[in-house]
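Reading through the structure tokens given below for one structure.
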Amino acid sequence: DQQVKQNSPSLSVQEGRISILNCDYTNSMFDYFLWYKKYPAEGPTFLISISSIKDKNEDGRFTVFLNKSAKHLSLHIVPSQPGDSAVYFCAASVGYSGAGSYQLTFGKGTKLSVIP
Amino acid sequence: DAGVTQSPTHLIKTRGQQVTLRCSPKSGHDTVSWYQQALGQGPQFIFQYYEEEERQRGNFPDRFSGHQFPNYSSELNVNALLLGDSALYLCASRSAGHLPYGYTFGSGTRLTVV
């Protein structure tokens, strides 16, 4: 049973336009949601996060929106740049429960291509 | 400041063999997690080590085992390799006191089982 779902395997966007990547989850115990970016031959790199008590978090060109009632989050990139081309993973974690907490549950990823 | 270091970067093993993968966490980090990323999939949690003990485990068989050393480095061992164990194995570290966005990932070890 996949608890974190990214239903779009790929997305192409023109440079300068907005990229919107979507993620759905099923586990209502998730307290933290994260987006990771991955280039080929590299490990995932943390991009932005949001806790379940917020509905929006912004960091420069990146904004994450959380809709808890719909169990849905999205990552907006504005404006998109060719260097943003990568695989984006949505991940989620349950809150603290002692040593060993915060294991991440990942979606399958969305490959973003930003066309110059 | 070195990040998470994993070795080797690539490995080819025969079905039935055993393999050991190694991870050195980022300086200042004391918690190490291992993830398996199969082709076309997201990383899947294997287990997490803190204070030299396995603290949490994902849905992986006992063929997967690990160890954490006093210097916080870690090993992942896989016995009786199956073709389906072919994947990218990622190590992630963080400081135990930090929230989940404190994870730093290594570049991974690409394991191919033939």
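Computed from a prediction, not measured in an experiment: that's the story for all the values here.
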Look at B:Gly58, B:Pro43, B:Cys91 and state which one has the largest set of heavy-atom pairs under 4.5 Å with chain A.
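Highest number of pairs under 4.5 Å: B:Pro43.
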Should we count CD1 of B:Ile12 as having more than 12 external heavy atoms under 6.0 Å?
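No, because the 6.0 Å sphere around CD1 of B:Ile12 holds 12 heavy atoms or fewer from other groups.
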Enclosure of B:Lys13 NZ (heavy-atom neighbours >12, cutoff 6.0 Å)
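Count over threshold, so yes.
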Check: A:Tyr36 ring centre within less than 6.0 Å of B:Tyr103 ring centre:
no
Checking heavy atoms, do the side chain of B:Gln44, its backbone, both or neither come under 4.5 Å from chain A?
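For B:Gln44, there is no contact with chain A at all, as no heavy atom is under 4.5 Å.
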Select one option (side chain, backbone, both, neither) describing which atoms of B:Tyr49 are under 4.5 Å from chain A's heavy atoms.
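Contact with chain A involves no heavy atom of B:Tyr49 at all.
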Answer with side chain, backbone, both or neither: which region of A:Lys38 has an atom nearer than 4.5 Å to a non-hydrogen atom of chain B?
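The side chain, not the backbone.
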Quick one: does any side-chain atom of A:Ser19 pair with a main-chain N or O of A:Ile77 as donor and acceptor, under 3.5 Å?
no
Among A:Val87, A:Asp31, A:Leu104, which residue has the highest count of heavy-atom pairs closer than 4.5 Å to chain B?
A:Leu104
Are a donor atom and an acceptor atom from the side chains of B:Asn77 and B:Thr20 found within less than 3.5 Å of each other?
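Yes, side-chain donor-acceptor contact under 3.5 Å.
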